[in-house]
Number of protein chains: 2
Amino acid sequence: MKKTEKPGTLHWLARKAGVSIATISRTLRRPDSVAPQTRQRILALVERHRFVPDGRASTFSSNRSGVIGLIVPTISNSIYAEFTEAIQNRLQAAGLNLLIANANYSAELEREIIRKLIESRVEGVILTGYDRDPGLYQLLRRYKIPFVVTWSISPKPSIPAISFDNYAAATEATELLVKLGHRRIALICGVTAINDRAAQRLAAYRDVLRRYKISFDRALVAEHPFEIEISADATTRLMSLQKPPTAIFCANDIQALGALFTCQRLQFRVPDDVSIIGFDDLPITRVVIPPLSTVHIPAAQMGNAAADALIDAARKGIPVKSRKIDTEIIMRGSTGAPPARVRIRSSSPS
Amino acid sequence: MKKTEKPGTLHWLARKAGVSIATISRTLRRPDSVAPQTRQRILALVERHRFVPDGRASTFSSNRSGVIGLIVPTISNSIYAEFTEAIQNRLQAAGLNLLIANANYSAELEREIIRKLIESRVEGVILTGYDRDPGLYQLLRRYKIPFVVTWSISPKPSIPAISFDNYAAATEATELLVKLGHRRIALICGVTAINDRAAQRLAAYRDVLRRYKISFDRALVAEHPFEIEISADATTRLMSLQKPPTAIFCANDIQALGALFTCQRLQFRVPDDVSIIGFDDLPITRVVIPPLSTVHIPAAQMGNAAADALIDAARKGIPVKSRKIDTEIIMRGSTGAPPARVRIRSSSPS
DNA sequence: TTGTACGCGTTATCAC
DNA sequence: GTGATAACGCGTACAA
């Protein structure tokens with residue numbers, strides 16, 4: 001007496017249709033392998049009952065989850081949106097699903113996410129940055145889950161990375177300011193302790209200063225989360241120094257915008273009194289006044305490449321190969337030569 | 001001869017430990033229900049072999065997927081980031097996982113996503129906007145998946161919504177401009193055909209004009225995707241009209257920023273020559289010059305409420321109840337009375 | 001406290 | 001072209 005099959009399953013539908021579950025399954029997966037007549041009857045039934053097969057069971061039985069996990073450190077920076085959308089499009093075309101996870105700049109949370117992804121046996125993982133507990137990489141390998149690091153070039157060859165070179169890009173940006181004649185250059189960047197991209201950009205900044213024999217001043221470096229208001233406050237502090245900088249390298253466009261508006265609010269002209277260069281090349285940098293000079297990051301290109309690599313890895317077993325993406329300095333209106341004489345500030349900022 | 005259990009499974013580990021799979025499973029799920037000695041031995045083994053149980057199998061066997069799906073129309077607007085992070089935090093605290101999906105303002109893509117979510121038997125779905133094929137709601141109900149609409153109040157009581165009222169908020173914003181004395185008010189909003197939030201805000205704008213006997217001018221309405229450069233172009237067109245508007249209501253802060261910078265670029269003073277009011281209250285609105293007047297949307301609060309509702313629905317079977325969230329007009333520096341005399345533009349914008 | 005055995009819903013492999 | 005049935009890996013009632 002099995003008249004009461006649980007509704008919404010193949011068994012149940014098979015009974016209703018008077019065929020075997022195999023036939024239903026086939027109708028759904030490879031309709032051609034079923035007689036047109038049978039197919040029609042079954043499809044009508046599927047339609048009528050709004051049958052949606054249990055993906056967990058099928059993934060489980062076929063041993064293909066069909067999902068790629070993407071872990072981003074934040075979703076509030078739209079540069080990751082461009083990146084994510086590129087990945088999504090590529091995966092969709094390949095019949096894979098994207099699972100987006102936000103680690104919120106927390107190593108702890110990222111660890112949990114990676115574990116969850118392994119638990120659900122994703123077919124690939126796209127990571128942001130390389131700096132994490134090596135055990136996590138081992139875990140991914142242990143379960144034969146292909147992965148790729150993005151937004152950062154890994155120092156270890158064993159960890160495949162598809163990314164631009166943060167150090168090189170930041171070097172270029174800092175050097176540009178030096179070549180414009182600046183000697184007092186501030187840096188606003190992310191929190192290097194939890195962000196290897198920020199750390200690399202800071203390292204580049206320091207190294208350029210050293211190379212040009214410019215003394216490094218700790219007071220000119222501000223590490224902060226990527227929130228525009230925090231960056232604005234940091235800029236206020238920077239520009240209130242006895243000797244304010246004549247240029248600010250912001251290792252992130254959000255921070256650059258905070259710096260730009262704050263300088264203007266404090267009556268510093270950009271770029272006449274102070275130059276600002278950003279990093280990422282968000283669309284808004286082209287619209288603000290003056291347009292922001294910045295480092296263009298081909299986020300979509302990087303996303304495409306990472307997605308393609310994982311598709312090949314998941315479907316054809318091709319190991320992920322590291323690849324470097326080019327960046328480009330975009331000169332717009334926020335950078336120029338330093339003012340001829342050191343500007344003396346007459347009153348404190350409000 | 002079952003010596004060669006497949007590695008990375010409970011069976012395999014059970015054999016290694018010399019216990020049954022049940023004991024391993026128990027050790028992992030409810031450690032207390034196992035003798036300390038056994039537990040230690042097993043945990044050591046789990047640790048050593050980096051064992052990660054197959055979540056699909058467990059979810060499948062326990063019939064609890066433990067995931068809530070969130071579908072946002074875009075991830076490039078940081079207002080959704082705040083929303084998403086609130087949801088994520090709440091769910092995490094409740095032991096549920098968040099699956100973020102980006103529908104990219106495509107009904108087609110959203111349909112596929114909803115189907116995928118049902119396939120994976122998520123325990124709840126958070127939707128953005130109410131306007132979609134009713135069949136999708138039926139499908140969710142059919143599989144007893146609790147859902148809630150956000151960012152939009154549903155006109156149908158059968159569809160639970162936890163949201164602010166777009167129409168009311170937009171009415172307030174438009175009315176504010178009218179009360180400041182503006183009669184020539186432009187609207188820049190999203191594409192109403194694919195965005196019910198934009199449609200409601202447009203409806204509010206029209207109704208306010210009608211109520212105040214201000215004639216509706218199609219030329220003053222610009223529907224566009226939420227990209228700052230597109231909004232900038234639209235503003236250029238608007239401000240190049242024979243009789244440019246004295247105020248612009250932007251149903252989105254991104255578009256408001258595009259409008260602000262463009263007006264300034266065209267030498268219109270904000271708010272002296274033209275007032276601008278946005279919608280969302282992004283952090284950047286407090287930093288730009290002048291600070292942008294806007295409608296504050298309590299995105300985090302809405303996210304918390306939606307998450308809580310779904311947690312209760314998934315865990316305690318409590319049906320989701322609609323709830324209205326309050327918005328608030330934030331007056332800052334971008335709005336004021338219209339100029340005394342109509343400004344005559346002397347040359348065409350570059 | 002621990003082990004046995006069944007069920008979860010699908011896919012894949014054979015026979016027929 | 002179709003049906004029967006053995007996996008897939010885990011959770012869990014029930015037995016020991």
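As a basis for the values below, the full set of heavy atoms in this structure was taken, side chains included, without hydrogen atoms, waters or symmetry mates. In what follows, every chain begins at residue 1, and chains take the letters A, B, ... in the order their sequences are listed. The structure displayed is predicted, hence computed values, not measured ones.
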Rounded to whole Å, how long is the line connecting atom [atom1] of [X] with atom [atom2] of [N]?
| X | N | atom1 | atom2 | result |
| --- | --- | --- | --- | --- |
| B:Leu28 | D:dT12 | CG | C1' | 15 Å |
| A:Trp12 | C:dC8 | CH2 | P | 16 Å |
| B:Gln40 | C:dT1 | CD | C1' | 16 Å |
| B:Leu10 | D:dA7 | CG | C1' | 16 Å |
| A:Arg121 | D:dG9 | CZ | C1' | 9 Å |
| B:Arg29 | C:dT2 | CZ | P | 18 Å |
| B:Ile24 | C:dT4 | CD1 | P | 13 Å |
| A:His11 | C:dT10 | NE2 | C1' | 9 Å |

Would you say a side-chain N or O of B:Thr9 is under 4.0 Å from OP1 or OP2 of D:dG9?
->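 So the side-chain polar atoms of B:Thr9 never come under 4.0 Å of the phosphate oxygens OP1 or OP2 of D:dG9.
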A:Lys6 side-chain N/O to C:dC8 phosphate OP1/OP2 under 4.0 Å |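 No, A:Lys6 has no side-chain N/O under 4.0 Å of OP1/OP2 on C:dC8.
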Could you list by number each residue of residues 43-69 of chain B showing a heavy-atom separation from DNA chain C of less than 4.0 Å, or answer none if no residue does?
->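 Only B:Phe60, B:Ser61 qualify.
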Can you run down the salt bridge (charged side-chain N to carboxylate O under 4.0 Å, His left out) pairs that involve residues 86-95 of chain A, sequence neighbours left out, and say none if there aren't any?
->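 Every salt bridge (charged side-chain N to carboxylate O under 4.0 Å, His left out) pair that includes a residue of residues 86-95 of chain A, provided the two are not neighbours, is A:Arg90-A:Asp308.
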Set of residues satisfying side-chain contact (heavy atoms from CB on, under 4.5 Å) with respect to B:Ile21, sequence neighbours excluded =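 Residues passing side-chain contact (heavy atoms from CB on, under 4.5 Å) with B:Ile21: B:Leu10, B:His11, B:Ala14.
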Would you call A:Glu119 and A:Lys116 a salt bridge, using N to O less than 4.0 angstrom?
->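 Salt bridge between A:Glu119 and A:Lys116, a charged N being under 4.0 Å from a carboxylate O: yes.
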Does the pair A:Asp54/A:Arg56 count as a salt bridge with the N-to-O cut at 4.0 Å?
->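 Salt bridge flag = yes for A:Arg56 with A:Asp54.
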Close N or O pairs between protein and nucleotides 1-4 of chain D (under 3.5 Å):
unit_1 : atom_1 : unit_2  : atom_2 : d
D:dT2  : OP1    : A:Thr38 : OG1    : 2.4
D:dT2  : OP2    : A:Ala35 : N      : 2.8
D:dG3  : OP2    : A:Ser20 : N      : 3.0
D:dG3  : OP2    : A:Ser20 : OG     : 3.3
D:dG3  : OP2    : A:Thr23 : OG1    : 2.5
D:dG3  : N7     : A:Arg26 : NH2    : 2.8
D:dG3  : O6     : A:Arg26 : NH1    : 3.2

Tell me which donor-acceptor pairs under 3.5 Å the side chains of residues 80-87 of chain A have, and how far apart each pair is, sequence neighbours excluded?
unit_1  : atom_1 : unit_2   : atom_2 : d
A:Thr84 : OG1    : A:Tyr80  : O      : 2.6
A:Glu85 : OE2    : B:Asn102 : ND2    : 3.2

Between the side chain of A:Arg39 and the main-chain N/O of A:Pro31, is any donor-acceptor distance below 3.5 Å?
->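 At least one qualifying donor-acceptor pair exists.
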A:Ile145 and side-chain contact (heavy atoms from CB on, under 4.5 Å): which partner among A:Val125, A:Ile68, A:Leu139, A:Leu310?
->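 Exactly one option meets the side-chain contact (heavy atoms from CB on, under 4.5 Å) with A:Ile145, and it is A:Val125.
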Counterpart residues, side-chain hydrogen bond (donor to acceptor under 3.5 Å, both in side chains), relative to A:Ser152 (two or more places apart) |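 Result, side-chain hydrogen bond (donor to acceptor under 3.5 Å, both in side chains) vs A:Ser152: A:Asp196, A:Gln200.
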Looking just at side-chain N and O atoms, do A:Arg50 and B:Tyr143 make a donor-acceptor pair shorter than 3.5 Å?
->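 No, no side-chain donor-acceptor pair sits under 3.5 Å.
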